[in-house]
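Below is one structure, written out as structure tokens; the observations come after it.
Below, chains carry the letters A, B, ... as their sequence lines are ordered, and counting in each starts from 1.
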Amino acid sequence: MSVVTRFPPSPTGFLHIGGLRTALFNYLYARHHDGKFILRIEDTDSERSEKRFSELIIKAFEWVGLDFDEGPYFQSQRGEIYAKYIDKLIKEGKAYRCYCSRERLSKLKESQISKGIKPHYDGFCREQNRKTSGDYTVRFKLPDSVGKVEFYDMIHGKISVALSELDDFIIVRSNRMPMYNLACVIDDALMGVTDIIRGDDHLSNTPKQILLYKALGFDIPRYAHVPMILGEDKKRFSKRHGATSVSVYKDEGYLPDALLNYLVRLGFSYKDQEIFSLDELIRYFDIDRLGKSASVFNPSKLLWINSVYIKNREPSKLAEEIAPFLSELLKREIDVDEKLTEAVKTVQQRAKTLKEAAGQLKFYFEAPSDYDEKGIKKYCKDSGLLKELLRLAEDIKWSESELKRVIEETMDKFQIKMIKVAQPIRIALTGKTVSPGIYEMMLILGKSESLKRIENLSRFLDERA
RNA sequence: GGCCCCAUAGUCUAGCGGUUAGGACGCCGGCCUCUCACGCCGGAAACUAGGGUUCGAUUCCCUAUGGGGCUGCCA
């Protein structure tokens with residue numbers, strides 16, 4: 001049997017980190033087994049669903065590069081399909097219309113809680129013709145033949161839930177829209193979904209869904225309930241813990257493949273390997289490599305993985321990826337050319353995010369507007385050294401070996417160490433005490449720009465004195 | 001409260017009865033060095049507790065504890 005998986009987000013917000021991870025698991029599992037991966041938007045809750053979120057979710061998928069083979073389907077457009085099965089269920093006596101008012105329901109619940117018993121629907125409308133007009137929901141009629149629902153989970157093993165834990169749950173709202181459990185089951189069955197990989201917060205929905213599968217006469221799929229992602233405090237990962245929206249990571253300068261690499265390692269492992277290409281993930285991924293305990297989201301490890309991806313990136317590709325951040329920073333369009341690529345190479349080992357890289361590259365495009373005060377104090381007593389440098393460099397061929405010669409001569413003349421020459425140059429070039437190496441910067445900046453910046457600092461020091 | 005799930009360092013994890021309990025992030029120290037990084041070397045740091053089963057339990061079972069989830073006309 002070939003494999004079909006799916007990711008069914010509800011468009012009530014941005015795609016979040018946890019959602020992306022389960023999507024990734026579904027994707028990898030499908031690709032690993034040479035199967036199909038479907039995207040289905042679960043927008044049956046018309047109150048909370050928004051079209052813009054659907055679009056954003058699809059965009060996020062494009063960004064991370066997880067391509068789906070089918071969809072996106074929208075449940076809001078599949079009303080006729082559900083209606084057919086709802087009628088069938090009612091006709092067969094497996095579901096019934098419930099005319100109970102919300103008031104009665106909440107009173108019922110209240111009294112049950114106060115009596116210390118489970119808040120369950122009391123089956124008032126199970127009896128036919130209790131009432132036949134007005135708003136109604138449709139409830140699934142719990143079969144009374146079986147005492148429990150059992151299923152096998154690929155991660156947790158055998159799971160058994162007593163039927164007494166459930167009640168006649170609502171499958172259709174009074175506005176005729178199907179509820180999650182119903183729509184999900186019908187769609188999964190109709191779309192041929194064979195393997196359901198989802199967060200283990202759905203574990204307790206599964207018995208209900210299995211009951212529905214049986215009532216509808218569908219084959220029950222395989223299940224894998226993956227552990228959830230928690231925040232530092234071990235509470236469910238949410239905005240309180242930091243960014244949960246995938247788009248934020250894009251905006252902060254994370255590489256999509258780095259993010260996926262980080263997320264897959266939350267729960268998945270393969271030997272001692274930390275860094276995986278997508279091909280490797282597809283090859284190695286399987287359910288039995290997933291753990292069963294929840295994992296805490298660790299931003300610093302994500303940052304590390306991102307830095308590894310930046311280091312390993314083809315410089316010209318990295319340049320393309322950094323360019324938008326640089327344009328944003330400099331408030332003008334930046335050409336992706338050879339010069340940018342060369343500049344990018346000089347920060348590739350230093351930046352952990354694209355955004356950070358842009359910050360480190362800024363000086364290549366704009367001469368410093370001010371100088372690091374501490375640096376000036378520590379390394380730039382007067383302009384003498386810079387003037388000597390300018391004099392020696394004036395007529396040289398602009399190459400690393402010539403520059404080295406000039407600097408060594410200066411060191412000799414002033415009887416100082418390299419750092420005493422390098423730092424003033426660094427400050428002149430970048431305004432800062434931290435930057436790429438001085439030779440590589442000067443070569444990229446070019447002779448006239450480099451000397452101009454050294455002159456600028458020299459003048460600055462003179463004016464100050 | 002009830003039901004379900006989970007439990008190796010701060011964190012992510014390896015382990016699937018016998019290991020000096022392995023790797024990674026982070027942290028600390030050192031080396032390299034024109035700054036910062038990178039890189040390299042080294043270090044501290046874990047089997048939740050108590051009962052079983054067994055010649056032997058981190059590993060299997062039970063209980064406790066802790067954490068999470070569900071308990072919606074949300075998904």
Side-chain angles (χ1 to χ4, degrees), chain A residues 8-12 19 42-45 47-49 75 98 100 102 105-106 109 113 116-120 135-139 153 155-157 159-162 164-167 169-181 183-184 198-207 225 227-228 230 232-236 262 265-275 288-289 291-305 307 311 347-352 360 372 375 379 407 411 417-427 430 432-439:
Chain A
S10 67
T12 54
E42 307 222 320
D43 52 355
T44 56
D45 181 354
E47 300 271 300
R48 300 196 307 149
S49 297
Q75 289 189 324
C98 172
C100 292
R102 291 179 200 252
L105 260 18
S106 68
K109 187 174 173 180
I113 289 172
I117 55 177
K118 277 183 235 307
H120 277 175
D135 280 354
Y136 63 87
T137 59
V138 177
R139 286 181 185 272
D153 184 277
I155 290 173
H156 298 281
I159 290 174
S160 168
V161 175
S164 59
E165 291 301 321
L166 309 177
D167 67 354
F169 55 93
I170 295 173
I171 54 177
V172 183
R173 299 173 170 86
S174 51
N175 69 0
R176 317 295 279 138
M177 288 292 270
M179 293 276 291
Y180 161 69
N181 283 123
C184 179
R198 67 205 336 184
D200 64 15
D201 50 335
H202 284 286
L203 216 34
S204 41
N205 278 322
T206 309
H225 286 91
M228 311 197 59
L230 311 176
E232 273 182 304
D233 56 0
K234 308 262 183 162
K235 303 280 182 211
R236 193 192 190 117
Y262 173 70
R265 284 284 293 108
L266 247 34
F268 167 87
S269 66
Y270 177 78
K271 299 184 178 173
D272 281 342
Q273 194 167 336
E274 292 289 347
I275 304 299
D288 56 12
R289 292 192 188 285
K292 46 173 72 168
S293 54
S295 34
V296 173
F297 186 79
N298 182 346
S300 77
K301 183 150 185 183
L302 169 58
L303 197 59
W304 172 75
I305 289 190
S307 76
K311 285 185 195 81
V347 300
Q348 207 167 354
Q349 304 300 315
R350 295 167 224 270
K352 291 195 193 312
Q360 293 171 354
D372 181 276
Y379 295 106
I407 285 173
M411 285 162 63
K417 295 200 172 194
M418 175 72 173
I419 189 168
K420 299 273 198 184
V421 184
Q423 285 302 69
I425 294 176
R426 169 166 289 115
I427 292 167
T430 69
K432 301 191 171 76
T433 54
V434 170
S435 80
I438 54 171
Y439 298 116

Between the protein and nucleotides 46-50 of chain B, list every N/O to N/O distance that falls short of 3.5 Å.
none

Write down the protein N/O and nucleotide N/O pairs, taken from nucleotides 7-14 of chain B, whose separation is under 3.5 Å; answer none if there are no such pairs.
{"unit_1": "B:U11", "atom_1": "OP1", "unit_2": "A:Lys234", "atom_2": "NZ", "d": "3.2"}
{"unit_1": "B:C12", "atom_1": "OP1", "unit_2": "A:Val296", "atom_2": "N", "d": "2.8"}
{"unit_1": "B:C12", "atom_1": "O2'", "unit_2": "A:Arg265", "atom_2": "O", "d": "2.8"}
{"unit_1": "B:U13", "atom_1": "OP1", "unit_2": "A:Gly267", "atom_2": "N", "d": "2.5"}
{"unit_1": "B:U13", "atom_1": "OP1", "unit_2": "A:Ser295", "atom_2": "OG", "d": "3.4"}
{"unit_1": "B:U13", "atom_1": "O3'", "unit_2": "A:Ser269", "atom_2": "OG", "d": "3.4"}
{"unit_1": "B:A14", "atom_1": "OP1", "unit_2": "A:Ser269", "atom_2": "OG", "d": "3.4"}

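Atom CE of A:Met179 and atom CZ of A:Arg139 lie 9.5 Å apart (nearest 0.5 Å). We find the CD-NZ distance between A:Glu165 and A:Lys118 to be 4.0 Å, quoted to the nearest 0.5 Å. The CG atom of A:Asp135 sits 12.5 Å away from atom SG of A:Cys100, with the distance rounded to the nearest 0.5 Å.
For the pair A:Ile170 CD1 and B:A75 P, the computed distance is 11 Å after rounding to whole Å. Spacing between atom CE of A:Met411 and atom P of B:C34 amounts to 8 Å, rounded to whole angstrom units. In this entry the distance linking CH2 of A:Trp304 with P of B:C27 reads 13 Å, nearest Å. Remark: P of B:G67 and CG of A:Asp201 are 19 Å apart, rounded to the nearest angstrom. The nearest whole Å value for the distance from the CD1 atom in A:Ile171 to the P atom in B:C74 is 14 Å. Spacing between atom CD of A:Gln349 and atom C1' of B:C40 amounts to 14 Å, rounded to whole angstrom units. The nearest whole Å value for the distance from the OH atom in A:Tyr180 to the P atom in B:C73 is 16 Å. Between the P atom of B:C16 and the CG atom of A:Asp288 lies a distance of 14 Å, rounded to the nearest Å.
A:Arg176 and A:Tyr136 share a donor-acceptor pair across their side chains, judged by distance under 3.5 Å alone.
A:Thr12 comes within 4.0 angstrom of no nucleic acid atom, judged by non-hydrogen atoms across all strands. Within 4.0 Å of A:Lys311, counting heavy atoms only, lie sugar-phosphate atoms of the nucleic acid but no base atom. At a threshold of 4.0 angstrom between heavy atoms, the contacts of A:Ile438 include nucleobase atoms, whether or not backbone atoms are also involved. Backbone-only contact: A:Met179 has heavy atoms under 4.0 Å from sugar-phosphate atoms and none from a base. Nucleic acid contact class of A:Gly116 (heavy atoms, under 4.0 Å, all strands): none. If you check every strand for non-hydrogen atoms under 4.0 Å, A:Tyr439 touches a base. Nucleic acid contact class of A:Arg102 (heavy atoms, under 4.0 Å, all strands): base.
Checked against A:Tyr180 for a side chain to side chain donor-acceptor pair (under 3.5 Å), the options A:Glu42, A:Gln75, A:His202 give a single hit: A:His202. Test A:Asp201, A:Asp153, A:Ile155 against A:His225 for side-chain contact (heavy atoms from CB on, under 4.5 Å) and you get one pass: A:Asp153.
Across every strand in view, B:G72 sits unpaired, with no contact that passes the Watson-Crick or G-U test at under 3.5 angstrom. If you check B:A44 for Watson-Crick or wobble pairing at under 3.5 angstrom, you find it has no partner at all. When Watson-Crick and G-U wobble pairs are counted only if both distances are under 3.5 Å, B:C16 pairs with no nucleotide at all. The pairing partner recorded for B:C32 is none, the criterion being a Watson-Crick or G-U wobble arrangement whose two distances lie under 3.5 angstrom. For B:A7, the paired nucleotide is B:U65, the pair qualifying as Watson-Crick or G-U wobble because both relevant distances are below 3.5 Å.
Under 3.5 Å, the side chain of A:Ser174 and the base of B:C73 form at least one donor-acceptor pair of N or O atoms. On a pure distance criterion of 3.5 Å, no polar donor-acceptor pair joins the side chain of A:Arg350 and the base of B:C38. If you check distances only, the side chain of A:Asn181 never reaches the base of B:A75 with a donor-acceptor pair under 3.5 Å.
At least one donor-acceptor pair closer than 3.5 Å links the side chain of A:Arg173 to the backbone N or O of A:Pro178. Judged by distance alone, the side chain of A:Tyr262 and the main-chain N or O of A:Asn298 form a donor-acceptor pair under 3.5 Å. Put simply, the side chain of A:Arg426 gets close to the backbone of A:Pro436: a donor and an acceptor are under 3.5 Å apart.
Straight-line distance between the C1' atoms of B:U53 and B:G29: roughly 46 Å, to the nearest whole Å. Going from the C1' atom of B:U54 to that of B:A64 covers 23 Å, rounded to whole Å. B:G67 and B:C12 have their P atoms separated by 16 Å, given to the nearest Å. Rounded to the nearest Å, the gap between the P atom of B:G69 and that of B:G10 is 22 Å. Rounded to the nearest Å, the gap between the P atom of B:C61 and that of B:G43 is 36 Å. The same atom, P, is picked in B:G15 and in B:G52; the two are 29 Å apart, to the nearest Å. Look at the P atom in both B:C73 and B:G50: the space between them is 45 Å, to the nearest Å. Taking atom P in both B:G42 and B:C70, the straight-line distance is 46 Å, to the nearest Å.
Here the closest heavy-atom approach between residue A:Pro424 and residue A:Ile419 is recorded as CD-O, 4.0 Å. Across all non-hydrogen atoms, the minimal contact from A:Pro207 to A:Val161 is CG-CG2, 3.8 Å.
Listed pair A:Lys235 / B:G68 meets the phosphate criterion, a side-chain N or O lying under 4.0 Å from OP1 or OP2. Proximity of A:Arg176 to the phosphate of B:C73: no side-chain N or O atom is located under 4.0 Å from OP1 or OP2. Residue A:His202 has no polar side-chain atom (N or O) positioned under 4.0 Å from OP1 or OP2 of B:G69.
In this view, A:Arg265 and A:Glu274 satisfy the side-chain hydrogen bond (donor to acceptor under 3.5 Å, both in side chains) rule, not counting sequence neighbours.
Residue A:Arg48 has its side chain nearest to B:C74 when only B:C38, B:C74, B:G68 are considered. Side-chain proximity of A:Leu105 to B:G68, B:C73, B:A37: nearest is B:C73. In this structure, the nucleotide among B:U35, B:A75, B:C34 sitting nearest to the side chain of A:Val434 is B:U35.
Within 6.0 Å of CD in A:Glu232 there are 12 or fewer heavy atoms belonging to other residues, nucleotides or ligands.
Both A:Pro8 and A:Gly437 sit near RNA chain B, but only A:Gly437 has its closest nucleotide nearer the 5' end. Each of A:Ile419 and A:Asp45 lies near RNA chain B, and the nucleotide nearest A:Ile419 is the one positioned closer to the 5' end.
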